[in-house]
Each structure stands twice: as C-alpha cells, then as structure tokens.
There are 2 protein chains.
Amino acid sequence: MKKVSLEDISKELGVSKTLVSFVMNGRAKEQRISDEMAEKVLKKAKEMGYEANYAAKVLRTGKSDTIGLIIADISNTFFAKLARSIENNAQKHKYNVIYGSTDEDTRNSVKLIEVLKKKNVDGLIISPSIGDQKIIKQLNKEKIPYVLVDRYFPEIQSDVVVVNNFQGSYDIINRAIEQGSKKIAFLNFNAELVNMQDRFKGYQQALKDAGIPYEEKLVKNLNFSNMDKEIETAMKELLSISPTIDTIYFSNNQLMLLGVKYLLRTDKEFLSKVKVTSFDCYEFMDLLDLPISYGEQPIKEIGKVAVDLIVDKIENKHTTPKIITLPIKN
Amino acid sequence: MKKVSLEDISKELGVSKTLVSFVMNGRAKEQRISDEMAEKVLKKAKEMGYEANYAAKVLRTGKSDTIGLIIADISNTFFAKLARSIENNAQKHKYNVIYGSTDEDTRNSVKLIEVLKKKNVDGLIISPSIGDQKIIKQLNKEKIPYVLVDRYFPEIQSDVVVVNNFQGSYDIINRAIEQGSKKIAFLNFNAELVNMQDRFKGYQQALKDAGIPYEEKLVKNLNFSNMDKEIETAMKELLSISPTIDTIYFSNNQLMLLGVKYLLRTDKEFLSKVKVTSFDCYEFMDLLDLPISYGEQPIKEIGKVAVDLIVDKIENKHTTPKIITLPIKN
DNA sequence: AATAATTGCTAAAACGATTTAGTCAAAATG
DNA sequence: CATTTTGACTAAATCGTTTTAGCAATTATT
C-alpha cells in the first residue's frame, strides 16, 4: 500500500525519472519526448495510481499552491462569506486556502503570518488589524506576495481591495437625511483604521452638505475587546441625550446587532421611535420588523478581486501595487 | 536574503547538521549533547534567524501539522462557527487548518479529499454529504485519520461527533405541545442523512407521546439544490392545509430563514398566527419580534471534541472508533 | 589491566520531486 | 563528406530535513 513515486514508474518502464517527470508535468512536447513514450508513461502512471508527492514538489520548487487567509474572525458572517468567495476563486486557479483568525490582535497577526510563511504558502490575503503596520512592512521587505482586504494602511505601499467607505457612508447618511433624519448618532468601531475613518468622514460630509451641524457628542468610538460592555456604555450616554436623536448609524453589522439587542432589552419604546441604519448588513435584515436600512458590501466581488490580485502577484510577479476600490450596494 | 538552513548553522559552528537538528528538535538531552554545545547551537540559530523548512520536514517525516476541514459551506454560520472552534482547538495542538466547501455535492467531497490527501494533511474533519459513503469507506481502507461531524453513516465504522438529534428534536416539539400546539408541520432537509432522520423521529415520537396523530401531509422533505424554489412549493402546499396548522417546525436554521422570509413576503398575516420553531438558530433570533423558539447546537463543544479526536487519532493512532453524542441546548 | 559502558558527536542515506547539462545516434545542411 | 542540427533520452545535483548506525575518547567496572 506504499505510495508510488516517480522512480517506481521509471524503473517499471526502464527509463529515467527525468523523463517521467517531464511527461507528468506536461512538458513532453517541449522536451521532445516521443509521443509513444509519453503515452506509455501516462498509462503506467495511471495504472500504478501515481500521485505526485506535494512535499517533495514544494521543497524543490518552493510553490505550494496554497494561499493563507488572515482575518479577524472566520465565524463573523462578513469574513465567512469572504472566505467562501476566496475559496471558490482560489480553486479556479488550483489553490487551496488555509485560514487563521486574529481577533483583531496584532500579536496574533504576527504569529499567524510567521507560521503560514513557514508552511510555504505562496501568498497571503490579509485583513489587517490595528498595529499590523510593522509586520506588513516586513512582508514588503521580504517580497512576500500579499493582498490586503477590507482595511489597509495608507502610509504603506500594498496591493489592496477595499470598498468605497466614504461614498458608501455618505450615501447611507444622505438617504437618512432625505427621509427626514436631523440628529444622527454615529457608533464607530476600530476608528484608527482608515476604512473606519472614511466611514466617519462620509458621515460628516453628508451632514455638512445638508447643512446639519456636526456634534461631537453624537459620535462614539468603540474597540474590539469588551465590545459588549462598551456598547452598553455608549448607548447609555447616547440615550441620555435622547429623545432628540432620531437616527442611530452603526459603522458595521456586529455593532448594529449588539446595539439593537441592547435597545430591545432596555428601551424597546425608544427603539420604535428611532431609525437604525448600518454600513454592513446581515442576511436576515429583511426579517426584522424594524426600520433598519443599510449598505451592503460586495463580498463576492471583494473575494474574487483579492484572489485575482494575489494569483497575479504570485505567478507574474507584477510589481506596481494596486488599490482597487469597489462600490458598496445601497 | 536567502533562508538559513541547518547546514548553514552547522558549517558556521563546525559541527554536523545532525547535531544541529537534534538540538533544534529538543532532543539534545536524549542524544547526550553537551549543554554548552546545545546552547551554542541555539544561540547561533537565533542569531542567524533560522527557521526550519516545513516542506523538507514534511517530506522526511510525513507530518504536516495541518488538518483538512471539509464542510458543506464555510459561509453558512453553523460551519463558520464550527470552523472557528476547530481553528482555536487545532492551534492549541499546533495544527493549522485548510478548508473546503462541498455544497453538499459528493463529487466535490471526493475532489477535496483527494487534493487534501495529496497535500499531506495529517487528518480530516468532515461533514459528509449524501453519497459520501464510498469515499469514507476508502478512507477507512487507507487508514487515513478522519472524524465525521454533524452527520455520519451508521453502516460505516467512523469516529463521529454529533448532537443528540432525536432528543433535541423531541424536546423542541414537546415544548411546543406543552404550549398548546396541536398541528405541527415539519420541514426537513437532506432527509437521507441519519441526523435528519433522527430529528424526524424525535418529532414523531413527541407527537406520539402526546397522543397527537402523525399526519404525513404535514411533513415536507427538501434538498440542497434549488432550496429557494423548493421551500416555496412546500410552503404553498402547507398553506393550502392551513389554517389548521398552528406551528411550523424547521429542521435547521437555513430552512427557517428561507421559510420565514417567504411568509413575510406572501402571508404576513398567517405568520402572525402561527408559531415557528427550528432545530438550529442564528445569533439574531432574539432580535425578531416573532414567536420563534429553537434548539441551539453546542458548536464550540463539537469543534473541540472533533479536534481532540482527530489529534488523538493522528498522534496516538488509537483504533476503536468512537461516536460522541453531545446534548443540544434548549 | 583488560573489558565494558558511557559520552559526545558525525557520515551518509533517505524522503520524492525538478532541472541543468549532457550523451549519442540519426537526419539535415553546405 | 564533414559538420551542424535535431530528436530522444539520462545522470546527477539539488531542495532541507530526519534518523540510523557507528566512531573515538573517556570513564566505570571487575
């Protein structure tokens, strides 16, 4: 039951393993191997159930046909859907994907990148966390192919796939204003990241263009750790300014979920009066009997573009970094 | 900028690479290498930034410290959460995970298992699809370590982690009956799989124990492909028996989501009169202003147990297959 | 003092591919 | 006819580990 190697086949046929290797890699023509010989090899290989040993291949060539996916949390629907899209598109290029969750902690990013590099992944698709600048710069220095998704660092040259956070956010707020909103609270998350800053800027600009004054007390910034607690505090503070607030804008879906849950628990009445809107959504949004509106991320497209980019980097070693911005759906 | 190898270190220190290898693998004591030498090696290795080449390691030892995860769809919350739990527990044992989605199509299972085997994964965690019996038997024959999760085939000896589908289903229906339900429709999915059959049996038994006659016309079986269409047809047929139906029981969360969406679109009034319950749930269930009750799967636990099992199989080669059944939360 | 055991270390094979640089004969070219 | 080209194939190095078998020198045992 032992595995069949190139050598086994070559011995069986009385030829060199070089020849067998060439045939198995489809390089028969190029290496002027006679058609009958090529056929004989192919036949014997199938007959003996030959399967190339990947480890040997990787050791020799350095290519593993595997890409690493590093995200905040695979169990989060956004990343889960992204992972699926990446899987599908990677498969088309004959790549598999190995994933790791960071929980937005840069120490985990570092560890994960380290081990995936060791395991010879050909490239990385990364949704970076706050503080990942150093490790990303390191990747640049080592010329490791990688693509950033969802977030990026403007000060670092990278290949990037993001959505148009500013415009998306602007449109959401603008629509709310058109529908009569006047006092719009904004709950942001991981505000240090550019994409979140852009969402904030979109919010500000929309207010400005509508002639609504920006009020700092209506904006709250939260972080990943202890989100449950933080959102409670933030909501309480906002409620103390109530009832003038007519709309709450959450900068992502997770925040929105927690926020709405909190209101359901504590102030159902307020919830029935206020409008809720969020940048991101869940698939169940239309089930809710709440006036929630949202912008939807083109997740499939993000995954596709990210894979196309990384494969291009791996296989063609193109050098000029691209930033690809996709529109969000309203 | 080339990678540092064992040999580089050995040359630098004027010792054999055997020695360096022993030290790097923590076998210094066992191999009677002097403490000072061990220390010297460790120091030099760190200084030179040595990192073992995994491909070489895998080629030599056959171990990749990677497990393969094969599920229906990583973007489905159930599997996404499972993937996260598996990732966390795998990490504790120094394993990474590489995933693939089958879309419940056995042809995809076969392909995925094939390529993951080629890539030297040490073991597989699989949520099998209908028709996977053949490939699973093959794994048994080849003595490839694997663990089935969520579903299994009673006729095949396997290591398995499942929930108590019968009891869970029984409890859900029983509770509904206690709350006054008399005519309970059941929408099942992938009914050929044992776990789904068990959910059905739990439903039947609960009816029986309550003295409610079983009615075949209240039960609908759906399949993965074309679920959207199928659920519409099924719901329409059920509605035609309405309004005597007072409860609809969905055998999983996806079904429930689609079913409720359908009702919201077409017959909101009916939805307000009927009780909805499902075996599985989504994290947003308590947001809904609908009388939906459900049983919750212990996903974290499933992942943990599955990883423990597979690691045990890989490292200790234990032989007697275990079926581990976990209770569902109500 | 002769033998046995221990200590500290190493040479070389093996894992299974890919690839460079040939070889040798037959055919083409001038 | 001498030389070049082509066609068909191969030997051997290489990728970077792990591991078996064994070698000297030192220490312990009787």
Side-chain angles (χ1 to χ4, degrees), chain A residues 1-42 44-45 48-66 115 117-122, chain B residues 1-42 44-45 48-66 115 117-122:
Chain A
M1 214 52 159
K2 253 201 76 203
K3 284 259 179 120
V4 185
S5 74
L6 273 188
E7 192 154 25
D8 297 335
I9 299 180
S10 71
K11 275 183 183 158
E12 196 79 8
L13 290 171
V15 298
S16 72
K17 44 181 187 166
T18 308
L19 191 155
V20 180
S21 171
F22 284 145
V23 172
M24 295 315 290
N25 286 313
R27 299 177 61 189
K29 274 267 141 25
E30 164 199 336
Q31 293 287 329
R32 300 172 299 199
I33 286 156
S34 66
D35 289 357
E36 35 175 355
M37 177 56 84
E39 220 163 296
K40 243 171 47 184
V41 169
L42 253 15
K44 186 58 97 183
M48 297 176 71
Y50 171 72
E51 287 193 354
N53 178 316
Y54 239 86
K57 213 169 194 158
V58 175
L59 174 58
R60 184 63 234 248
T61 64
K63 264 218 76 188
S64 66
D65 296 345
T66 304
V115 13
K117 261 168 47 190
K118 265 211 249 182
K119 290 205 172 174
N120 294 291
V121 296
D122 296 327
Chain B
M1 212 55 158
K2 254 200 76 202
K3 285 259 179 119
V4 184
S5 72
L6 275 188
E7 192 155 27
D8 297 334
I9 299 180
S10 70
K11 275 184 182 158
E12 197 79 10
L13 290 171
V15 298
S16 73
K17 43 183 185 163
T18 307
L19 190 154
V20 180
S21 170
F22 283 146
V23 172
M24 296 314 291
N25 287 314
R27 297 177 61 190
K29 274 268 142 24
E30 164 199 337
Q31 291 288 331
R32 302 171 295 200
I33 287 157
S34 67
D35 288 356
E36 37 174 354
M37 177 56 83
E39 220 164 295
K40 241 169 52 181
V41 169
L42 253 15
K44 187 57 100 181
M48 298 177 72
Y50 171 72
E51 286 192 355
N53 179 316
Y54 238 86
K57 215 170 194 159
V58 174
L59 175 59
R60 184 61 233 247
T61 62
K63 264 217 76 188
S64 65
D65 296 345
T66 304
V115 15
K117 260 169 48 190
K118 265 210 249 183
K119 290 206 172 174
N120 294 294
V121 295
D122 296 328

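Convention: sequence-line order gives letters A, B, ...; per-chain numbering from 1.
The nucleotide whose nearest atom lies closest to any side-chain atom of Asn53(A) is, among dC15(D), dA17(C), dT18(D), dA17(C). Here dC9(C) is the nucleotide among dC9(C), dG16(D), dT18(D) with the atom lying nearest to any side-chain atom of Met37(B). Listed candidates were dG16(C), dT18(D), dC9(C). Nearest to the side chain of Arg60(B) is dT18(D).
Considering every non-hydrogen atom in both Leu6(B) and Val20(B), the closest pair reads CD2-CG1, 3.4 Å.
Here dT17(D) presents its P atom at 21 Å from OH of Tyr54(A), a figure rounded to the nearest Å. A straight line from CD of Gln31(B) to C1' of dT18(D) spans 11 Å, rounded to a whole angstrom. Rounded to whole Å, atom P of dT18(D) lies 5 Å from atom NZ of Lys57(B). A straight line from NZ of Lys29(A) to P of dT6(D) spans 18 Å, rounded to a whole angstrom. Between the C1' atom of dT19(D) and the CD atom of Glu30(B) lies a distance of 11 Å, rounded to the nearest Å. Going from atom NZ of Lys11(B) over to atom P of dC9(C) covers 20 Å, rounded to whole Å. Distance Glu7(A) CD to dA12(D) P: 13 Å, rounded to the nearest Å. Whole-Å rounding puts the Met24(B) CE to dT18(D) P distance at 9 Å.
Environment of CD in Glu51(A): crowded, with over 12 heavy atoms of neighbouring residues, nucleotides or ligands closer than 6.0 Å. The environment of CD in Glu30(B) is crowded: more than 12 heavy-atom neighbours from other residues, nucleotides or ligands sit within 6.0 Å. For Lys40(A), the NZ atom is loosely surrounded, since the number of other residues' heavy atoms within 6.0 Å does not exceed 12.
At a non-hydrogen distance threshold of 4.0 Å, Lys17(A), Thr18(A), Ser21(A), Phe22(A) from residues 12-22 of chain A come into contact with DNA chain C.
Counting heavy atoms from C-beta outward, Asn120(A) and Thr66(A) have side chains that stay 4.5 Å or more apart.
Atoms OH and NZ, from Tyr54(B) and Lys119(A) in turn, are 4.5 Å apart once rounded to the nearest 0.5 Å.
Nucleic acid contact for Leu6(B): base, since at least one base atom lies under 4.0 Å from a heavy atom of the residue. Among the protein residues, Glu36(A) comes within range of no part of the nucleic acid, since none of its heavy atoms lies under 4.0 Å from any strand. Note on Ala52(B): only backbone sugar-phosphate atoms sit closer than 4.0 angstrom, heavy atoms only; bases stay farther off. At a threshold of 4.0 angstrom between heavy atoms, the contacts of Leu59(A) include nucleobase atoms, whether or not backbone atoms are also involved.
OP1 or OP2 of dC9(C) lies within a sub-4.0 Å distance of a side-chain N or O belonging to Ser34(B).
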Before giving the answer on side-chain contact (heavy atoms from CB on, under 4.5 Å), spell out for Glu12(B) and Asp8(B) the whole-Å C-alpha distance, their side-chain angles and the decisive distance to 0.1 Å.
-> CA-CA 6 Å; Glu12(B) 197 79 10; Asp8(B) 297 334; over 6 Å; no
